[in-house]
Amino acid sequence: MYDIAIIGSGPAGVSAALNAKILQKSFIWFSSRAVSEKVSRAELIKNYPGLPEITGGELAWTLKNHAESMGISVTEEVITGVYETGGKFTLMAGNNTYDAKTVILCVGVQTSKPVSGEEEFLGRGVSYCATCDGFLYKGKTIAVMCTDKRFEHEIEYLCNLANKVYVLPFYKDYNIKSPNAEVLLKQPVEFKGDLKLNKVLFKDGRLDVDGVFILRGSVSPSTLVHGLETDGGHIVVKRDCSTNIPGIFAAGDCTGRPYQYVKAVGEGNVAAHSAVEYLGK
């Protein structure tokens, strides 16, 4: 069991990981090897103290290099659920589970809203994990929403199980090769069903399906952690970055505006120190 589990690859996640390392706590950091794309794509950053006129790409490299220089590694898995179990937290990542005494959420903000009905049918036809739930749809018809090319191997996995797969890619240069896959360049507006989801609605039609898989780089905080207090899509935190759930902390853009790298780094620092203080109690 780890002392701290950190979820998120942006500046807040880097800061939390650095401080967990300095404070000599055991931790696992769920991230991508590259620091957040939002940082990397910034043209010019002028308000980061000590680093004037730095590009987003340069800042991302600096943060990544700092973590690596301290021997910090990342676990490249997407966390789809965090559950409190007997005084600890269990994190779900595909077929793998991880246990930690505290959790720091640095999950950023989603630029797109959930599809209407998405949260309602979660676990009843909507899934975020191909390897967890794919076997339930063997020989059936499913739709797969995918926001990133790096998840295409999961689409192929689902194609090997399902009879028919409608693929809804939200990125360019998609490459879906399975003969039972059909690519649709459409935006779902609603999921419908009775006890279970059975329809995907578009502005100009619908699909009759047995289930929907949504492959995103992150899951909304309220879906990720049941009972987590949010306000307008942001996690509600106190000044010590604690949430309404004891042992869970949050930092960065997911806690609300301003969406600034400096603010994210500062909150990552605070969250790590608060988690260590919590552990001490």
*Asks:* Same hydrophobic cluster for M145 and V126, using side-chain heavy-atom links shorter than 4.5 Å among ILVMFWY?
*Replies:*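 Same cluster.
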*Asks:* Please check this pair: side chain of D133 against backbone of S127, looking for a donor-acceptor N/O pair closer than 3.5 Å.
*Replies:*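 Not confirmed, D133 side chain does not pair with S127 backbone.
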*Asks:* Under 3.5 Å, side chain of R124 to main-chain N/O of L195, donor-acceptor pair present?
*Replies:*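 Pair found, side chain donor or acceptor close to backbone of L195.
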*Asks:* Quick one: do V200 and Y166 satisfy side-chain contact (heavy atoms from CB on, under 4.5 Å)? Show the steps, please.
*Replies:* CA-CA 11 Å; V200 178; Y166 295 103; over 6 Å; no
*Asks:* Ignoring hydrogens and angles, state whether a donor on the side chain of S178 or E156 is under 3.5 Å from an acceptor on the partner side chain.
*Replies:*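 Yes, a side-chain donor-acceptor pair sits under 3.5 Å.
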*Asks:* If you round to the nearest 0.5 Å, how far is OG of S274 from CG of N269?
*Replies:*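 So the gap between those two atoms works out to 9.0 Å.
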*Asks:* Is it true that K238 and D240 have a side-chain N and a carboxylate O under 4.0 angstrom from each other?
*Replies:*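 Here K238 does not pair with D240 in a salt bridge, since their nearest N and O are not under 4.0 Å apart.
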*Asks:* Per the side-chain contact (heavy atoms from CB on, under 4.5 Å) rule, which among I104, T102, I6, N19 passes with F27?
*Replies:*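 With F27 as partner, side-chain contact (heavy atoms from CB on, under 4.5 Å) holds for just one option, I6.
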*Asks:* Exactly one of I214, N198, L122, L201 should register a side-chain contact (heavy atoms from CB on, under 4.5 Å) with F191. Which one does?
*Replies:*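 Among I214, N198, L122, L201, the one meeting side-chain contact (heavy atoms from CB on, under 4.5 Å) with F191 is I214.
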*Asks:* Drop me the distance from Q24's CD to S26's OG, to the nearest 0.5 angstrom.
*Replies:*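 Nearest 0.5 Å value for the CD-OG distance: 11.5 Å.
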*Asks:* So do the side chains of V144 and L215 get within less than 4.5 Å of each other, counting heavy atoms only?
*Replies:*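 Yes, side chains in contact.
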*Asks:* Can you find a pair of side-chain heavy atoms, one from V78 and one from Y128, that are under 4.5 Å apart?
*Replies:*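 Answer no - side chains too far apart.
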*Asks:* So, for A251 and A271, which heavy atoms are closest and what is the spacing to 0.1 Å?
*Replies:*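 Residues A251 and A271, closest heavy atoms: CB-CB, 4.2 Å.
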*Asks:* Is K192 atom NZ crowded by more than 12 heavy atoms from other residues, nucleotides or ligands, each under 6.0 Å away?
*Replies:*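 No, not enclosed.
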*Asks:* Quick check: is V14 connected to I45 through a chain of hydrophobic side chains (ILVMFWY, heavy atoms under 4.5 Å apart)?
*Replies:*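 Hydrophobic grouping puts I45 with V14.
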*Asks:* Of all heavy-atom pairs between D253 and H234, which one has the smallest distance, and what is that distance?
*Replies:*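 Closest approach of D253 to H234: O-CD2, 3.7 Å.
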*Asks:* Could you tell me the separation between the CD atom of E77 and the CD1 atom of I7, rounded to the nearest 0.5 Å?
*Replies:*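 Those atoms lie 11.5 Å apart.
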*Asks:* Please report the C-alpha distance between E84 and I248 in whole Å, then the side-chain angles of each, then the deciding distance to 0.1 Å, and finally whether the side-chain contact (heavy atoms from CB on, under 4.5 Å) criterion is met.
*Replies:* CA-CA 10 Å; E84 188 174 6; I248 295 185; over 6 Å; no
*Asks:* Answer yes if the side chains of T230 and S222 hold a donor-acceptor pair under 3.5 Å, and no otherwise.
*Replies:*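 Absent: no donor and acceptor within the cut-off.
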*Asks:* If we only count heavy atoms from C-beta on, is the V212 to E118 side-chain gap below 4.5 Å?
*Replies:*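 A side-chain contact is absent here, since even the closest heavy-atom pair is not under 4.5 Å.
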*Asks:* Please examine the side chains of L185 and P169, heavy atoms only from C-beta on, and report whether any two atoms are closer than 4.5 Å.
*Replies:*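 Yes - at least one pair of side-chain heavy atoms lies under 4.5 Å apart.
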*Asks:* Determine, using the 4.5 Å side-chain heavy-atom cutoff (strictly less than), whether Y174 and L168 are members of one ILVMFWY cluster.
*Replies:*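 No, it is not one cluster - the side chains of Y174 and L168 are not joined through contacts under 4.5 Å.
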*Asks:* Where do T75 and Y98 come nearest, in terms of heavy atoms and distance?
*Replies:*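 Heavy atoms only, the tightest pair is CG2-OH, 4.1 Å.
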*Asks:* Under the side-chain contact (heavy atoms from CB on, under 4.5 Å) rule, what do L105 and L228 come out as? Steps first, then yes or no, please.
*Replies:* CA-CA 11 Å; L105 302 173; L228 185 69; 3.9 Å; yes
*Asks:* V265 and M70: same hydrophobic cluster, using ILVMFWY side-chain contacts below 4.5 Å?
*Replies:*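 Per the 4.5 Å side-chain linkage, V265 and M70 are co-clustered.
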*Asks:* For the residue pair K263 and Y259, would you count it as a cation-pi contact if the rule is NZ or CZ under 6.0 angstrom from the ring centre and within 45 degrees of the ring axis?
*Replies:*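 Here K263 fails the 6.0 Å and 45° test against Y259.
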*Asks:* Could you grab the distance from atom CG of L18 to atom CH2 of W29, nearest 0.5 Å is fine?
*Replies:*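 It is 7.0 Å, given to the nearest 0.5 Å.
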*Asks:* Check whether any side-chain heavy atom of L197 lies under 4.5 Å from a side-chain heavy atom of V209, and answer yes or no.
*Replies:*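 Yes; the side chains approach each other to less than 4.5 Å.
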*Asks:* Which heavy atom of L91 sits nearest a heavy atom of A5, and at what distance?
*Replies:*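 Answer, listing the atom of L91 first, then A5: CD2-CB, 3.8 Å.
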*Asks:* Walk me through whether F89 and I245 qualify under side-chain contact (heavy atoms from CB on, under 4.5 Å).
*Replies:* CA-CA 11 Å; F89 297 99; I245 300 176; 4.2 Å; yes
*Asks:* Please determine which of I235, V82, I79 meets the side-chain contact (heavy atoms from CB on, under 4.5 Å) test together with V225.
*Replies:*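 When side-chain contact (heavy atoms from CB on, under 4.5 Å) is applied between V225 and each of I235, V82, I79, only V82 qualifies.
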*Asks:* Is there a side-chain contact between F213 and E154, using heavy atoms and a 4.5 Å cut-off?
*Replies:*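 Sidechains of E154 and F213: no contact.
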*Asks:* Look up atom CG in L207 and atom NZ in K199, then write down how far apart they are to the nearest 0.5 Å.
*Replies:*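 Nearest 0.5 Å value for the CG-NZ distance: 11.5 Å.
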*Asks:* Considering all heavy atoms of both residues, which atom of E53 and which atom of L44 are nearest to each other, and what is their separation?
*Replies:*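 What the structure gives for the nearest pair is OE1-CD2, 3.4 Å.
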*Asks:* For the atom pair CD (E190) and CZ (F121), what is the distance rounded to the nearest 0.5 Å?
*Replies:*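 Spacing of CD (E190) from CZ (F121) equals 8.5 Å.
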*Asks:* Using a 4.5 Å cut-off on heavy atoms from C-beta on, say whether the side chain of H273 contacts that of L23.
*Replies:*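 Yes, close enough: below the 4.5 Å cut-off.
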*Asks:* Hydrophobic clusters here meaning ILVMFWY residues chained together by side-chain heavy-atom distances under 4.5 Å, can you tell me if Y137 and I176 are in one?
*Replies:*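 Yes.
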*Asks:* Measuring only between side-chain heavy atoms, which start at C-beta, is P188 closer than 4.5 Å to F202?
*Replies:*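 They are in contact (side-chain heavy atoms under 4.5 Å apart), so the answer is yes.
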*Asks:* Atom CG of residue position D208 - does it have more than 12 heavy atoms of other residues, nucleotides or ligands inside 6.0 Å?
*Replies:*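 Count over threshold, so yes.
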